[in-house]
Amino acid sequence: MRGATAKFSSYHLAVALRREPDPAAALRLFLSPTAATVASSPSSAPPFRYSLRCYDIIVCKLAAARLFPAMESVLAQIPASLRPREPLLCRVISAYGRARLPAAARRAFAHPAFPAPRTARALNTLLHALLACRTPLPDILSECRGSGIPPDACTYNILMRAAVAEPGSVENACLLFDEMRQRGIAPTVVTFGTLVAAFCEAGRLEDAFKVKEVMSLQYNIRPNAHVYASLMKALCEKGKVDDAHRLKEEMVRNSEPLVDSGAYATLARALFRVGRKGEVVGLLEEMKGRGITVGREVYNAMIAGFCENEGDMDAAFAALDDMQKGGCKPDAVSYNTLVGGLCKMGRWRDASELVEDMPRRGCPPDVVTYRRLFDGVCDAGAFDEATKVFDEMVFQGFAPSKDGVRKFVGWIEREGDAALLESMLCQLASVNALEASEWEKAISSVLHDPAEQNIVKLLDNSRLA
DNA sequence: GTAGGGTTAG
């Protein structure tokens, strides 16, 4: 019976943790579960053992919320006997990747809470995290080779993606493709999708189409929606909207039964750009007729079209409504586009209100949201508001755009507010966004100020970080 | 949430 109670408690904690949307509240629950789960019980916690499930849930929640110190302390508490598994480790690694903390991602890969050995899956997660942190290809390669873990197709796909991310080197991606084949690792549809995207991005459309041919003729792998989407986007960028339209027809004829709406989004966006928005309605009807769900990207493409090409914010918000009515939850891209559109129209107060409302709408602002709002508010010369936005974004761990910083610094200098300048530089350093040029300005303008010594101290701190 | 594209920016 005692055993049953223990299981019962741990099970209910897991349910409660899963249900709690606020990560900080989830952590409190995790630390003193009885206070919330068993209202009638005495305050002292019954010593039931946490299941691995409970650790899984709380670690994932803390990772997603970037509450890393708390996450690490929970990880350190997991009893070795529970043997936490690699998927959880992967969540931790990729959370550090998303937070752009490469050193932390590397440390996590070797985290003592997770029993050795590591498989390619953990290695691939680490490589992908390093890629997200814009680690140079040679460093990613040496991480890979040094691990001693045999690479698989996924590893090579990530390495190829990293190669393409370097200043225009499709060649390195091709070399990796050759190496992959020499090692007897079969390329997948993802490999070819990566190559096609790489050639498209380099503007080498003929080569991209050649890859499409090779994959089907020599490897007997049919191009999927990803491949078509890349090609269609590249065609649209060259102004060949009608060719893209024809390619879409081929996709619908030849591709897997599951065609998603991504390629349609490209087309819709392109039609707005060339002033043919009237054709978008037909596109939507075509999708419905073919049983293709109108996805988030299509709505986002329309929102962007109304904001940027039409300057019609009412239509943009109407598209947002349609999106929600269509059972599609707006994401950060939807809101960021609207925030940008409002700012462009000089309506930064509305933009600011929308941003404040985002958490309530289930979509917390991201780095792009804050950058667009900050830039917009600075452009409008509303520097008191800019100070607020700046504080908030830095508090959330996001760095402003260089452009915004330049305008903001210019204003502070005109005001001659050395103290504000110092605190701003300090905050920039805290999000690793301090550039040499800012230092020079700061030092020249604050040199005769008593705060000078603090600046020097600041410099040392930032070198440490 | 191990990998590729499509919708925002840079």
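So that the names make sense, note that chain A is the first sequence line, chain B the second, and so on, each numbered from 1.
Using a 4.0 Å heavy-atom distance criterion, A:Ser94 is classed as making no nucleic acid contact. Residue A:Arg371 is classed as having no contact, given no heavy-atom separation below 4.0 Å to the nucleic acid. Across all strands shown, A:Val189 has heavy atoms under 4.0 Å from base atoms, whether or not it also approaches the sugar-phosphate. Using a 4.0 Å heavy-atom cutoff across all strands shown, A:Gly262 reaches at least one base atom of the nucleic acid. A:Arg273 comes within 4.0 angstrom of sugar-phosphate atoms only, judged by non-hydrogen atoms across all strands, and of no base. Looking at heavy-atom distances under 4.0 Å, A:Arg134 makes contact with a base.
Separating the CZ atom of A:Arg372 from the P atom of B:dG10 is a distance of 7 Å, rounded to the nearest angstrom. Look at CZ on A:Phe398: it is 16 Å from C1' on B:dG10, rounded to the nearest Å. As a whole-Å value, the separation of A:Leu373 CG from B:dT8 P is 19 Å. Whole-Å rounding puts the A:Ile303 CD1 to B:dT7 P distance at 14 Å. When rounded to the nearest whole Å, the span between CG of A:Asn224 and C1' of B:dA3 equals 12 Å. Atom CE of A:Met160 and atom P of B:dT2 are 21 Å apart (whole Å). The CG-P distance, from A:Leu271 to B:dT7, rounds to 13 Å in whole Å. Residue A:Leu342 contributes atom CG, which lies 16 Å from atom P of B:dT8 at whole-angstrom precision.
Residue A:Asn124 has its side chain nearest to B:dT2 when only B:dT8, B:dG5, B:dT2 are considered. The listed nucleotides are B:dG4, B:dT8, B:dG5; the one nearest the side chain of A:Ala229 is B:dG5. Considering only the side chain of A:Ala301, B:dT7 comes nearest among B:dT7, B:dT2, B:dT8. Candidate nucleotides B:dT7, B:dA9, B:dG5 were compared by shortest atom distance to the side chain of A:Glu308, and B:dA9 ranks first. Of the candidates B:dT2, B:dG6, B:dA3, B:dT2 carries the atom nearest the A:Asp152 side chain, counting heavy atoms from C-beta on. The nucleotide whose nearest atom lies closest to any side-chain atom of A:Val333 is, among B:dA3, B:dT2, B:dT7, B:dT7. Which of B:dG6, B:dG5, B:dT2 sits closest to the side chain of A:Ser261 comes down to B:dG6.
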Carefully, step by step, assess A:Lys407 and A:Asp403 under the rule side-chain contact (heavy atoms from CB on, under 4.5 Å).
CA-CA 6 Å; A:Lys407 286 179 189 129; A:Asp403 207 40; 3.1 Å; yes

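For a distance-only test at 3.5 Å, the side chain of A:Asp260 qualifies as a donor-acceptor partner of the base of B:dG5.
Distances shown here put a side-chain N or O of A:Arg161 below 4.0 Å from the OP1 or OP2 atom of B:dG5. Within the structure, every side-chain polar atom (N or O) of A:Arg296 is placed at least 4.0 Å from both OP1 and OP2 of B:dG6. Here A:His128 reaches the OP1 or OP2 of B:dA3: one of its side-chain N or O atoms lies under 4.0 Å away.
Between the side chains of A:Asp331 and A:Asn336, no donor-acceptor pair of N or O atoms lies under 3.5 Å.
A:Tyr299 has its side chain out of reach of A:Leu320: every pair of non-hydrogen atoms, C-beta onward, lies at least 4.5 Å apart.
Taking the centre of each ring, A:Tyr96 and A:Phe68 come in below the 6.0 Å mark.
Applying the salt bridge (charged side-chain N to carboxylate O under 4.0 Å, His left out) rule to pairs touching residues 97-109 of chain A yields A:Arg106-A:Glu143, sequence neighbours excluded.
A perpendicular orientation is assigned to the rings of A:Phe30 and A:Tyr55, their planes being inclined by more than 60° (bins at 30° and 60°).
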